[in-house]
Amino acid sequence: MFDDWRGFKSESLPSDWKDKLRELGRVARGDILKMTTVASSGHPGGSMSSLELYLVLYHFANVDPKQPGRNDRDRIIVSHGHTSPGVYAALAHTGFFDIKPVLHGFRQADSPFEGHVELSVPGVEWDTGNLGQGLAVGVGKAIYAKLSGQDFHTYVLMGDGEQQKGQIAESRRHAVTFGLNNLTAVIDRNQLQICGKTADVHPQNIAAGWEADGWRVIEIDGHDLDEVYDACRTARMDTSTPVVILANTVMGKGVSFMEHDHNYHGAPVKPDRLSDALRELDLNSDYEELLTLRAGGPPPPFTPNHSEYPDIDTGEPITYEPGKKLDNRSAWGNALLSVAEANLGKRDVAMGVFDCDLAGSVKTAAFAGQFPDNFFQCGIAEHATAVTAGALSSENAVSVFAAFGIFGVSESYNQERLNDINHSNVKLFCTHSGINVGEDGKTHQCIDFFGLLNSTFGWKVITPADPNQTDRIARYVLSQPGCFAVMMGRAKMEPVLDEKGEPFFGGDYTYEYGRMDAIRAGEQVALVSAGNILPYALDGWNILAEKGVNPALFCVSDWSDLHPDDLARLASFEHIVTVEDHNVKTGLGTTLAASMLEAGHAVKFTRLGVRQYGSSGPPADLYKILGLDGESIAEVVSKVCDSVTVSA
Ligand SMILES: Cc1ncc(C[n+]2csc(CCOP(=O)(O)OP(=O)(O)O)c2C)c(N)n1
């Protein structure tokens with residue numbers, strides 16, 4: 001049970017609570033001023049305009065300051081993350097933690113109280129700061145409530161300048177399409193943003209936009225505690241549609257010289273005016289004492305509070321036999337269905353699959369047909385979808401976003417970066433990656449997926465080589481916590497065979513992240529390849545074998561964390577030739593070379609890969625033009641082998 005006053009159960013704000021919140025507002029405004037002035041940076045203006053919204057929600061929503069991570073809590077997402085001073089002050093005065101460390105440790109290196117709201121602070125649900133993403137987070141949380149059969153409510157707070165961001169419109173429509181009557185948005189309408197009035201910077205009819213997308217709009221005075229409470233209660237109780245509360249507020253509210261001044265959006269009060277500002281709030285300054293405490297170092301961290309990953313039955317692997325051509329994406333679609341069948345309705349697993357108008361191509365259509373309640377057709381709205389999938393994945397749920405590589409990674413990179421920062425567990429299954437896309441041409445050929453996602457610290461990128469490996473990788477990824485991207489091509493291929501003619505990745509083959517597979521034995525030169533282009537590397541190997549040239553051929557499906565033993569194994573060769581369907585600047589060859597050097601292995605290297613944007617045509621023709629077909633690969637390797645032999 002939550003505290004009995006929570007959940008907006010009382011029909012109106014009890015008068016004793018009103019007095020209490022008014023008093024907390026006075027003190028919290030002082031805290032906002034102090035922490036920003038002590039830090040010499042931060043955003044007091046919006047913090048002071050949003051303050052009553054924060055105080056009412058943190059006090060009356062179903063949250064528990066003593067158990068901030070309990071699974072049945074309401075989710076309160078703050079999208080305009082720069083108002084962290086207001087959020088931290090409100091959370092502290094609701095009992096989540098002590099206010100003192102915030103006052104001296106705000107924005108201090110290594111402090112949990114960062115400049116934009118961060119998960120490191122109890123009560124914060126999502127790291128934001130890149131504006132426009134919070135509503136998509138809220139959609140993900142509200143979907144989780146539905147999928148897990150819980151009746152918690154999700155609130156998303158936003159700025160009014162932030163409404164200029166297009167991603168919000170994507171999420172507005174998602175909320176209505178998916179019937180999310182458990183979601184409330186609250187907009188701090190203080191009429192100002194960094195460069196001045198919102199009406200001048202970029203005019204917009206905010207209410208009309210939300211109404212047009214099917215939301216109920218309630219307009220209030222955002223500093224009137226009764227009105228804020230009533231609106232939140234109405235929104236909580238309305239089960240017909242999602243509700244947005246447009247809260248008219250004043251930037252810098254409470255201090256006369258700050259009010260209506262956009263310069264206080266992102267600038268603290270100067271130390272010599274702090275006492276004046278605090279006097280208006282009937283508060284004294286303890287600025288010197290706070291500076292002394294700050295010199296003593298940052299406050300300690302809180303214990304992280306991340307959700308568990310569900311326990312998944314990975315089902316029975318499928319083996320695709322020799323002679324049968326299949327595309328990896330179809331193998332992925334089959335594996336998804338198989339894993340879903342093993343879990344949904346059989347185990348207590350929440351699962352959502354998100355699609356952006358590509359279900360047939362990315363092979364989620366069969367899943368959609370069989371599990372319509374778990375499938376979310378998001379339309380052409382990748383930015384919001386990427387975040388929503390991330391937000392669902394940070395709950396106890398399996399969350400899959402299936403897209404073309406160019407839309408799932410290149411288009412949505414920053415959203416995926418934020419998913420990583422937020423410790424989410426999103427499973428990105430991308431088809432149509434690489435030059436392998438062929439006829440769709442350069443706009444659709446995703447040749448930067450590894451470079452982009454490897455610029456984060458958490459994403460793991462895997463490129464399956466054939467349908468059998470795809471099957472096993474899909475099952476592995478769906479059962480693991482963390483962010484994974486599985487990058488597949490589009491073309492059909494025969495399963496890769498071992499030297500006995502059996503499917504190499506079929507039967508009992510077990511996929512192990514970070515390990516390399518030896519496809520063909522050889523000596524002196526190691527040909528290292530992965531994913532879509534492994535069959536072409538194998539073509540090259542076969543051509544060489546017929547000529548009596550005998551390099552080894554390895555498959556490295558994930559190359560950022562290659563095991564030290566595999567690096568050492570490669571180091572036993574005199575020359576490595578990498579072959580990849582990716583921009584060579586940021587792909588397999590570059591990464592492997594760096595790993596080898598760092599591990600102390602000096603080996604000669606040749607990198608074959610994509611060195612220019614592709615054109616439009618069958619993949620085999622494009623690979624030939626780019627020098628990546630079997631013959632071209634064989635030619636390069638042959639020369640390398642000659643030079644190795646000569647130097648020996
Ligand atoms: C995507 C993105 N673009 C630009 C910024 C830089 N930025 C930070 S706050 C802000 C203005 C926000 O205005 P508003 O939502 O009205 O907040 P308020 O000024 O009321 O605090 C901008 C442009 C950002 N954080 N994210």
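Counting convention: from 1, in listed order, for ligands and their atoms alike.
Residues K146 and N181 bring a donor and an acceptor atom of their side chains to less than 3.5 Å of each other. Under 3.5 Å, the side chains of D188 and T249 contain a donor-acceptor pair of N or O atoms. Donor-acceptor pairing under 3.5 Å is lacking for the side chains of N422 and S394.
In terms of protein heavy atoms, atom 20 (O) of ligand 1 is closest to N190 ND2, 2.7 Å. Looking at atom 19 (O) of ligand 1, its nearest protein heavy atom turns out to be H265 ND1, 2.6 Å. Of all protein heavy atoms, the one lying nearest to atom 5 (C) of ligand 1 is L131 CD1, 4.1 Å. Of all protein heavy atoms, the one closest to atom 14 (P) of ligand 1 is G161 N, 3.5 Å. Remark: minimum distance from atom 22 (C) of ligand 1 to any protein heavy atom is reached at I194 CD1, 3.4 Å.
One finds a salt bridge joining D276 and R279 here, because a Lys/Arg side-chain nitrogen approaches an Asp/Glu carboxylate oxygen to under 4.0 Å. A salt bridge between R107 and E114 is absent, with no side-chain N of the basic residue lying under 4.0 Å from a carboxylate O of the acidic one.
Checked against a 6.0 Å centroid threshold, the rings of Y54 and H59 do not count as neighbours.
Protein heavy atoms come within 4.0 Å of atom 24 (C) of ligand 1. Contact annotation for atom 3 (N) of ligand 1: protein absent (non-hydrogen atoms, distance under 4.0 Å).
Interface of G159 with ligand 1, defined as ligand atoms under 4.0 Å from a residue heavy atom, comprises 15 (O). In summary, the atoms of ligand 1 found under 4.0 Å from a heavy atom of G46, numbered by their order in the structure, are 21 (O). Those atoms of ligand 1 with a heavy atom of M251 less than 4.0 angstrom away are 18 (P), 19 (O), 20 (O). Ligand 1 places these atoms under 4.0 Å from at least one heavy atom of G129: 24 (C), 25 (N), 26 (N). Ligand 1 places these atoms under 4.0 Å from at least one heavy atom of Q193: 13 (O), 16 (O), 19 (O).
A cation-pi arrangement is absent between R233 and F60, since the terminal nitrogen or guanidinium carbon is not both under 6.0 Å from the aromatic centre and inside a 45° cone about the axis. For the pair R172 and W215, the cation-pi test (distance below 6.0 Å, angle within 45°) is failed. For the pair R273 and F257, the distance from NZ or CZ to the six-membered ring centre is under 6.0 Å and the angle to the ring normal is within 45 degrees.
Judged purely by atom type and a 3.5 angstrom limit, S171 has no side-chain atom pairing as donor or acceptor with the backbone of A384.
D188 does not count as a contact of ligand 1, since none of its heavy atoms falls under 4.0 Å from the ligand.
Among H82, Q167, E162, the residue whose heavy atom sits closest to atom 17 (O) of ligand 1 is H82.
The distance criterion of under 3.5 Å between nitrogen or oxygen atoms is not met by H80 with respect to ligand 1.
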